[in-house]
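These notes are about the structure you will find just below.
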Amino acid sequence: MPALNELYQEIILDHNKSPRNFRKMPDATRKVEGYNPLCGDHYTVYVKLEDDIIKDISFEGAGCAISKASASVMSATVKGKTKAEAEELFESFHTLVTGKMDGMAEISTLGKLAAFSGVSEFPARVKCATLAWHTLKAALEAKEEVVTTE
Ligand code: ZN
C-alpha cells in the first residue's frame, strides 16, 4: 500500500523537522536521560505526573530522524494519559516496531504511532524508535537514572 507508506513517511519527516513538545520543563516532576550508544541518540524526557496522569511531557536532545520523530509522536500521544495507559501504549508500540503485530486493523488503532511500522524491517533502528519510550517508562517508574538501550 504505497499511499499509506507515504503518509507514514510524511508523519516521520514532519515530526523530525518540527518536533512537538521539544523544550525543557523546569517544573517537571520526573526527568530521565536516555542514550542509545549504537546510533548516538541522546534525549532527556521531562514528565509532569499528577495523580498518575501525565499532565505534561516534553523532551530535548539530539539524534537521528527516527529517534526524534518517535519521541515527538510519543509525547503528543501520551499527554493526558494515565501512567497505565502510557505503559500499555509502549507495549503495543514495541510489538509494532519489532514486527510482532499482525493485521492492519490492529496497527491502525495506534494512530500516528503506526507510522513507525516500517522500522521492523530495520532491526538496528528499533532502538532508535523505542529510546524515548524506554526513557519515559523509567521516568514513570521514578527511576532517577540514565537509560541506555544496551
Ligand atoms: Zn538513532
Side-chain angles (χ1 to χ4, degrees), residues 1-26 28-49 54 56-81 83 85-102 104 106-150:
M1 241 207 280
L4 191 61
N5 285 341
E6 273 166 37
L7 173 71
Y8 286 169
Q9 188 78 30
E10 236 168 72
I11 291 172
I12 291 173
L13 290 175
D14 172 45
H15 278 262
N16 177 50
K17 205 172 137 213
S18 345
R20 317 302 196 266
N21 308 301
F22 191 70
R23 58 187 157 82
K24 276 192 175 58
M25 195 193 297
T29 55
R30 308 275 169 86
K31 175 188 164 192
V32 175
E33 217 179 312
Y35 182 49
N36 172 15
L38 276 184
C39 180
D41 311 317
H42 193 182
Y43 296 96
T44 301
V45 172
Y46 301 87
V47 178
K48 198 187 287 174
L49 201 63
I54 301 169
D56 202 5
I57 175 168
S58 68
F59 73 102
E60 57 163 3
C64 67
I66 295 282
S67 66
K68 186 178 272 184
S70 180
S72 171
V73 173
M74 176 192 81
S75 70
T77 306
V78 303
K79 199 186 274 194
K81 297 264 195 299
K83 198 179 144 190
E85 283 168 340
E87 280 166 357
E88 217 167 279
L89 279 166
F90 180 27
E91 294 264 309
S92 302
F93 185 71
H94 197 266
T95 309
L96 174 80
V97 295
T98 50
K100 290 176 190 131
M101 189 172 276
D102 35 43
M104 283 313 293
E106 199 181 346
I107 291 174
S108 65
T109 63
L110 288 176
K112 285 196 170 153
L113 295 177
F116 297 89
S117 55
V119 168
S120 63
E121 287 164 44
F122 307 94
R125 289 293 180 185
V126 171
K127 289 183 174 177
C128 301
T130 56
L131 175 63
W133 285 94
H134 282 294
T135 311
L136 171 67
K137 194 168 184 224
L140 293 178
E141 287 167 357
K143 287 186 187 156
E144 298 285 332
E145 61 181 55
V146 176
V147 175
T148 75
T149 52
E150 286 307 280

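Note that ligands are numbered from 1 as they come in the structure, with each ligand's atoms numbered from 1 the same way. Bear in mind that the values here come from a model prediction, so they are computed numbers and not experimental data. One-based numbering along the sequence shown.
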Where does the angle between the aromatic ring planes of F116 and F93 fall among parallel (under 30°), tilted (30 to 60°) and perpendicular (over 60°)?
perpendicular
Could you please spell out the steps behind the side chain to side chain contact (heavy atoms under 4.5 Å, CB included) verdict for L140 and I54?
CA-CA 9 Å; L140 293 178; I54 301 169; 4.0 Å; yes
Determine whether the aromatic ring centres of F59 and Y46 lie less than 6.0 Å apart.
no
Tell me if the NZ atom of K79 is crowded by more than 12 foreign heavy atoms within 6.0 Å.
yes
Report yes or no: does D41 contribute a side-chain atom to a donor-acceptor pair with the main-chain N or O of C64 at less than 3.5 Å?
yes
Using a cut-off of 2.8 Å, how many protein N, O or S atoms lie below it in distance from the Zn ion (ligand 1)?
5
Could you tell me if Y43 and S67 have a donor-acceptor pair between their side chains, going purely by distance under 3.5 Å?
yes
